[in-house]
Participant: 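Have a look at the structure that comes next, please.
Computed from a prediction, not measured in an experiment: that's the story for all the values here.
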Amino acid sequence: MTSQTDTQGSVTTVYKVSGMSCGHCEGAVSGEISQIAGVSSVQAVASSGEVTVVSAAPLDEEAVRAAVDEAGFELAGQA
């Protein structure tokens, strides 16, 4: 798990997502996760399978899992 709080009170968490292979995949995952309340930034990288999420507070992993599932991919956990 990679999760850290920066000086402005936001939390950065890196998740592993399996199945992403292209920019469209990155956009689908980013779009779904960005709809979770409190999320301010999402960066998905298909080549590494990592999704970096910046949020106001730690996110409920089940909410992230549901968003990733909705995009058609599988949350493998936190990196």
Side-chain angles (χ1 to χ4, degrees):
M1 169 180 151
T2 303
S3 187
Q4 65 187 44
T5 304
D6 69 18
T7 56
Q8 292 140 347
S10 62
V11 177
T12 301
T13 308
V14 179
Y15 297 95
K16 292 294 281 185
V17 175
S18 59
M20 292 190 301
S21 61
C22 64
H24 181 267
C25 300
E26 294 170 348
V29 170
S30 295
E32 290 296 333
I33 293 175
S34 68
Q35 294 179 34
I36 299 171
V39 171
S40 58
S41 171
V42 181
Q43 180 182 15
V45 179
S47 61
S48 66
E50 292 186 343
V51 180
T52 303
V53 181
V54 179
S55 56
L59 298 175
D60 174 37
E61 188 167 322
E62 287 307 309
V64 177
R65 185 176 307 283
V68 171
D69 286 348
E70 184 66 28
F73 301 94
E74 183 179 347
L75 181 67
Q78 294 184 354

Participant: Could you list the residues that satisfy salt bridge (Lys or Arg N to Asp or Glu O under 4.0 Å) with Glu61, not counting sequence neighbours?
Facilitator: Arg65

Participant: Judged by atom type as modelled, is there a donor-acceptor pair below 3.5 Å linking the side chain of Thr13 to the main-chain atoms of Val53?
Facilitator: no

Participant: Of all the heavy-atom pairs spanning Phe73 and Gly19, show the shortest one and how long it is.
Facilitator: CE2-O, 3.3 Å

Participant: Can you list everything that forms a side-chain contact (heavy atoms from CB on, under 4.5 Å) with Ser48? Sequence neighbours excluded, please.
Facilitator: Val45, Glu50

Participant: If the condition is side-chain contact (heavy atoms from CB on, under 4.5 Å), which residues does Ala46 pass it with, not counting sequence neighbours?
Facilitator: Met20, Glu26

Participant: Suppose we screen for side-chain hydrogen bond (donor to acceptor under 3.5 Å, both in side chains). Which residues come up paired with Gln43, at least two apart in sequence or across chains?
Facilitator: none

Participant: Contact between Tyr15 and Leu59 at the side-chain level, heavy atoms closer than 4.5 Å - yes or no?
Facilitator: yes

Participant: For residues 68-79, which residue pairs pass the salt bridge (charged side-chain N to carboxylate O under 4.0 Å, His left out) check, not counting sequence neighbours?
Facilitator: none

Participant: So which atom in Val51 and which in Ala44 form the shortest heavy-atom distance, rounded to 0.1 Å?
Facilitator: CG2-CB, 4.0 Å

